[in-house]
Structures are given as C-alpha cells and as structure tokens.
Amino acid sequence: MGAGCGQRDNGLNDAQMTAELLGWYDRHARTMPWRTGPAEKAAGVRPDPYRVWLSEVMLQQTTVAAVRRYHERFTALWPTVADLAAAEDADVMAEWAGLGYYARARNLLKCARAVVADHGGVFPDTHAGLIALPGIGPYTAAAIAAIAFDRPETVVDGNVERVMSRLFDIETPLPAAKPELTALAARLTPEARPGDHAQAVMDLGATICTPKSPACGICPLREPCLARQNGTQAQRPVKTPKKPRPHRRGYAYVGRRTDGAWLMETRPESGMLGGMLGFPGSDWSETPDPAAPAPAEWRIAGEATHGFTHFTLTLTVLTARLGPVNPERGHFVAAEAFSPGALPALMRKVHDVASAQPEIERATAAE
DNA sequence: AAGACGTGGAA
DNA sequence: TTTCCAAGTCT
C-alpha cells in the first residue's frame with residue numbers, strides 16, 4: 001500500500017479508485033447543455049465558465065431534469081454574462097419562475113453585474129475569487145474552478161457526501177460528518193482532470209450510488225466500497241432526523257379590473273418568494289390577517305395548498321371584479337402582459353383556483 | 001449555528 | 001398518499 005492510504009484501507013489505493021472513476025466517466029458521462037461534446041473535449045476545449053456557473057447555481061438543491069430547460073432558455077436569451085448583467089430584473093425573475101429558491105435568481109443578477117463591473121466581464125479563475133461573488137459558496141466556487149478552469153479543487157456536494165460515506169462506510173451522521181467526508185473526497189481528488197473527476201463522482205451519485213436502492217452491481221467502485229462489503233449501503237449516509245414541518249394558513253386575493261387587468265404584487269426582496277410576482281394577500285401564520293388589498297365584494301373561490309421546505313401552506317383564495325379603485329397594496333398588470341408562467345408555483349395554484357370563477361374567467365374571455 | 005429558503009419527481 | 005429529497009447559500 002502506498003503512503004496515500006489512510007487508516008481506512010479498503011483494498012485499493014486512492015489513485016486506483018480515481019482511475020476507475022475517470023474510466024467509468026469516460027464511458028458513461030451524461031450529456032448536458034453546459035458540458036462540452038466529445039469532439040471539443042478531445043480537442044482540449046474547456047467549457048464556457050458562464051455556462052458552468054449558470055448550471056451550478058441552477059443545480060443547487062435542484063434536479064438535472066428540472067434545470068436542463070431553464071439553462072437552455074437562459075443561455076438563448078442571454079448568451080453571455082454581459083447580456084445577463086444588462087437584463088431587467090423582472091425579466092430574469094420571470095424566467096426563473098418555477099425553479100424555486102428565488103434568492104438564487106436575485107444573486108445570479110448581482111453576480112453577473114459584479115463580474116461585469118469588477119472583473120471586466122470575465123469570471124475569476126480561482127476559488128478565492130469565485131467565492132467572493134454573490135450566490136457562490138464553497139461548493140459552487142470549487143465546482144467552477146475545477147470544471148471550467150481545471151483547478152484541483154475538492155468539490156463536495158450531496159452526491160460526494162453520499163459516495164464517500166458509503167465508500168468508507170462512515171457512521172457519523174450528517175451534517176457533523178461533513179469535514180470527515182470532505183477530507184476523504186480531497187484524498188481522491190487528482191491533479192489531472194479534477195473537473196472530470198468532480199463530475200464523475202457527482203454523476204455516480206446521481207445515477208448509481210443513489211440515495212435509495214443504489215445499483216451496487218454495476219458500480220465501478222463496488223470492489224473497494226466498504227459499505228457494500230459490510231452490507232450497510234442502504235444506511236449510508238446517516239442523517240440526523242429532521243423536525244416535522246408546521247402548517248400555516250393565509251389569504252390570497254385575485255382581483256381583475258373590467259379591462260381585464262390583474263391586481264398583482266411584487267413581493268419584498270427578503271422572505272418567501274422574494275422578488276417574485278404574486279397575488280396580494282395576508283401573512284402566512286396560524287392566525288393570518290384577512291385584510292383585503294382593495295375594497296370589493298370578495299368571495300371565496302376555494303383553497304390552494306402548497307408544500308414548502310419548512311412548512312405547508314393552505315391559502316384561501318378570494319376573487320372579485322374590481323371597479324376603478326386605487327388598491328392599498330399591489331399594482332395592476334395589463335391582461336396582455338400577464339402570464340401565469342412568470343409566477344412561482346404557489347401563485348400558479350392560486351391562479352388556477354381563481355380561474356374557475358366567473359368574474360375572473362369572464363374577464364379572460366372578454367380579452 | 002441552526003433555520004430560512006421552492007419545487008416536482010420518485011418510491 | 002405521504003415522505004423524501006436534488007450539483008447549497010445566506011444570515
């Protein structure tokens with residue numbers, strides 16, 4: 001055994017495992033809009049840092065399947081970081097609608113504008129330079145540095161944590177085990193092709209070493225994997241139990257003027273759905289204040305229920321035809337400019353409930 | 001430093 | 001149906 005083998009000896013040295021992983025990646029890498037094709041790769045062409053950055057931000061806590069279309073749409077609308085930096089906030093938020101975690105979109109714009117204003121429109125090529133930018137944390141900085149700039153950074157995301165916890169059969173629960181798992185991932189990070197290695201571990205975690213029912217039989221690391229040897233792969237990684245999420249209630253008001261315009265509200269930058277367009281409403285709590293945004297004969301259209309990460313929400317949806325009022329909250333969006341696609345998922349549900357009502361639907365039909 | 005912060009797909 | 005969770009960051 002070489003000097004690189006730590007106390008956790010699983011029968012293969014680090015370099016051998018890395019080689020297995022890279023070989024597997026060369027055969028099975030998935031095609032992604034932000035990855036270079038085989039021909040470019042063979043020619044040594046690096047992926048566009050802008051596209052890599054955009055993909056990494058979109059992929060934070062989000063599945064590849066969901067991100068693909070958004071990435072294609074964003075790069076079509078804004079091909080360079082300068083194009084994105086020059087975009088209107090509302091346009092970017094509308095395009096992000098449905099993807100969730102909207103602070104990412106706000107930071108995306110801040111980051112693009114910082115790259116243009118402070119870095120001449122060129123992304124920093126170091127971990128330190130990248131992590132200083134809005135919305136780029138330890139994971140994303142390492143990922144961009146490795147993938148776009150070929151830097152030997154240790155990239156640790158949920159996939160890497162899972163793969164390491166199984167490969168070395170770590171019993172320490174997450175998140176306490178994070179430093180230990182990071183150290184193990186660092187051991188396996190090669191000087192050559194660090195970007196491919198990072199993507200190889202993540203692809204492995206996403207397609208083979210999955211959270212449930214991992215496909216150990218076809219895993220390139222099935223031999224050295226300690227969890228598989230011990231039969232504990234289904235119990236790795238160990239996680240500290242999460243608290244049950246509470247239930248909150250609220251009211252949402254869907255009002256339309258006789259000309260078809262919708263009463264909408266741009267939500268505050270901080271807090272839930274920050275910066276997104278939505279229907280005005282109450283606070284979300286156990287005892288929400290039902291004060292209406294404008295005087296009208298509001299009637300209950302139904303309920304919309306939505307699950308968030310840390311609570312579930314049921315909104316009572318009220319609808320009304322609005323006269324020539326000056327609303328206390330919100331502003332009118334012309335019928336032609338209104339698009340449910342620009343709304344976060346919760347507000348789309350509210351829209352769907354409201355649209356079953358005549359005073360809302362009728363205005364639609366009158367357009 | 002623990003909690004806030006979305007969504008839709010899989011089991 | 002319900003639960004879990006996916007390439008994390010910010011405060």
Side-chain angles (χ1 to χ4, degrees), chain A residues 29-30 32-35 47 51-71 93 96-108 110-111 130-148 153-163 174-176 178 182 185 195 197-207 209-214 234 237 239-248 267-276 278 284 304-313 341 343-349:
Chain A
R30 294 176 290 176
M32 311 274 192
W34 49 89
R35 287 181 178 172
R51 298 172 67 91
V52 172
W53 162 71
L54 185 61
S55 75
E56 291 301 341
V57 173
M58 287 182 165
L59 285 164
Q60 290 167 6
Q61 299 289 285
T62 309
T63 57
V64 167
V67 165
R68 194 171 250 118
R69 303 175 196 82
Y70 282 84
H71 192 276
M93 298 312 286
W96 196 278
L99 200 54
Y101 283 141
Y102 298 101
R104 294 184 296 171
R106 302 194 300 273
N107 285 330
L108 193 78
K110 286 182 194 164
C111 182
L130 288 162
I131 203 170
L133 291 164
I136 298 184
Y139 161 76
T140 305
I144 297 173
I147 296 169
E153 299 287 340
T154 301
V155 179
V156 183
D157 73 333
N159 288 305
V160 178
E161 290 175 354
R162 186 170 58 256
V163 170
L174 281 168
K178 176 101 185 221
T182 299
H197 174 262
Q199 294 179 95
V201 183
M202 293 191 285
D203 267 26
L204 186 77
T207 64
C209 196
T210 50
K212 298 167 189 168
S213 323
K239 293 192 173 184
T240 54
K242 52 193 64 174
K243 297 172 181 175
R245 43 182 204 179
H247 188 273
R248 299 183 190 172
R267 300 178 60 81
E269 287 286 304
S270 63
M272 292 293 296
L273 313 179
M276 296 300 291
W284 302 340
T305 294
H306 192 68
F308 292 110
T309 304
H310 55 297
F311 64 94
T312 57
L313 176 67
L343 302 176
L346 165 66
M347 295 298 172
R348 289 183 202 176
K349 290 182 181 176

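Labels below follow one simple rule: chain letters A, B, ... track the order of the sequence lines, proteins then strands, and each chain is numbered from 1.
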Note to self: Rounded to the nearest 0.5 Å, what separates atom CZ in A:Arg245 from atom NE2 in A:His310?
What the structure shows: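 One finds 10.5 Å between CZ of A:Arg245 and NE2 of A:His310.
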Next item on the list: Any chance you could measure A:Arg106, atom CZ, to A:Met93, atom CE, to the nearest 0.5 Å?
Entry: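 Separation between the atoms: 6.0 Å.
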Checklist line | N/O (side chain, A:His310) to phosphate O (OP1/OP2, B:dG3) under 4.0 Å | finding: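 Answer is no, no contact under 4.0 Å.
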Next item on the list: Tell me whether the OP1 or OP2 atom of B:dT7 has a side-chain N or O from A:His306 closer than 4.0 Å.
Entry: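 So the side-chain polar atoms of A:His306 do come within 4.0 Å of the phosphate oxygens OP1 or OP2 of B:dT7, strictly under.
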Give one of base, sugar-phosphate or nothing for [X], where a contact means two heavy atoms less than 4.0 Å apart.
{"X": "A:Ala345", "value": "sugar-phosphate"}
{"X": "A:Gly274", "value": "nothing"}
{"X": "A:Val57", "value": "nothing"}
{"X": "A:Leu273", "value": "sugar-phosphate"}
{"X": "A:Gly205", "value": "nothing"}
{"X": "A:Arg35", "value": "base"}
{"X": "A:Met58", "value": "nothing"}
{"X": "A:Met276", "value": "nothing"}

Item checked: Atom P, compared across C:dT11 and B:dG6: separation rounded to whole Å ->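 Those two atoms are separated by 14 Å.
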Notebook entry, point to check: Among side-chain atoms of A:Arg104 and A:Thr62, is any donor-acceptor pair under 3.5 angstrom?
Noted result: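 Checked: A:Arg104/A:Thr62 side chains pair up, N/O donor to acceptor below 3.5 Å.
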Note to self: Side chains of A:Tyr139 and A:Glu56 only: does a donor on one sit below 3.5 Å from an acceptor on the other?
What the structure shows: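 Present: a donor and an acceptor within the cut-off.
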Rounded to whole Å, please give me the gap between [atom1] in [X] and [atom2] in [N].
{"X": "A:Phe308", "N": "B:dA4", "atom1": "CZ", "atom2": "P", "value": "13 Å"}
{"X": "A:Leu343", "N": "B:dG6", "atom1": "CG", "atom2": "P", "value": "15 Å"}
{"X": "A:Lys178", "N": "B:dA1", "atom1": "NZ", "atom2": "C1'", "value": "14 Å"}
{"X": "A:Glu269", "N": "B:dC5", "atom1": "CD", "atom2": "P", "value": "14 Å"}
{"X": "A:Arg248", "N": "B:dA4", "atom1": "CZ", "atom2": "P", "value": "7 Å"}
{"X": "A:Ile144", "N": "C:dG8", "atom1": "CD1", "atom2": "P", "value": "13 Å"}

Between the main-chain N or O of [Y] and the side-chain N or O of [X], is there a donor-acceptor pair closer than 3.5 Å?
{"X": "A:Thr207", "Y": "A:Asp203", "value": "yes"}
{"X": "A:Arg267", "Y": "A:Gly275", "value": "no"}
{"X": "A:Arg348", "Y": "A:Gly341", "value": "yes"}

Contact list (N/O, under 3.5 angstrom) for nucleotides 9-11 of chain C vs protein:
residue, atom, partner, partner atom, Å
C:dT9, OP1, A:Gly137, N, 2.8
C:dT9, OP1, A:Gly137, O, 3.4
C:dT9, OP1, A:Thr140, N, 3.0
C:dT9, OP1, A:Thr140, OG1, 2.7
C:dT9, OP2, A:Pro138, N, 3.4
C:dT9, OP2, A:Tyr139, N, 3.2
C:dC10, OP1, A:Gly135, N, 2.6

Check: When the nearest nucleotide of DNA chain B is assigned to A:Ala103 and to A:Ala65 on a heavy-atom basis, which residue is associated with the more 5' position?
Finding: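 Comparing both residues, the 5'-ward one is A:Ala103.
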Notebook entry, point to check: Ring centres of A:Phe308 and A:His306 under 6.0 Å apart?
Noted result: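 Yes.
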Margin query: Quick one, A:His247 and A:Leu313 - any side-chain contact, counting heavy atoms below 4.5 Å?
Written below: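 They are not in side-chain contact.
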Item checked: Pair A:Asp157 + A:Arg162, salt bridge at N-O below 4.0 Å ->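 Answer for the salt bridge query: no.
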Is there any protein nitrogen or oxygen under 3.5 Å from a nitrogen or oxygen in nucleotides 2-6 of chain C, and what are the pairs?
residue, atom, partner, partner atom, Å
C:dC5, OP2, A:Lys242, NZ, 3.3

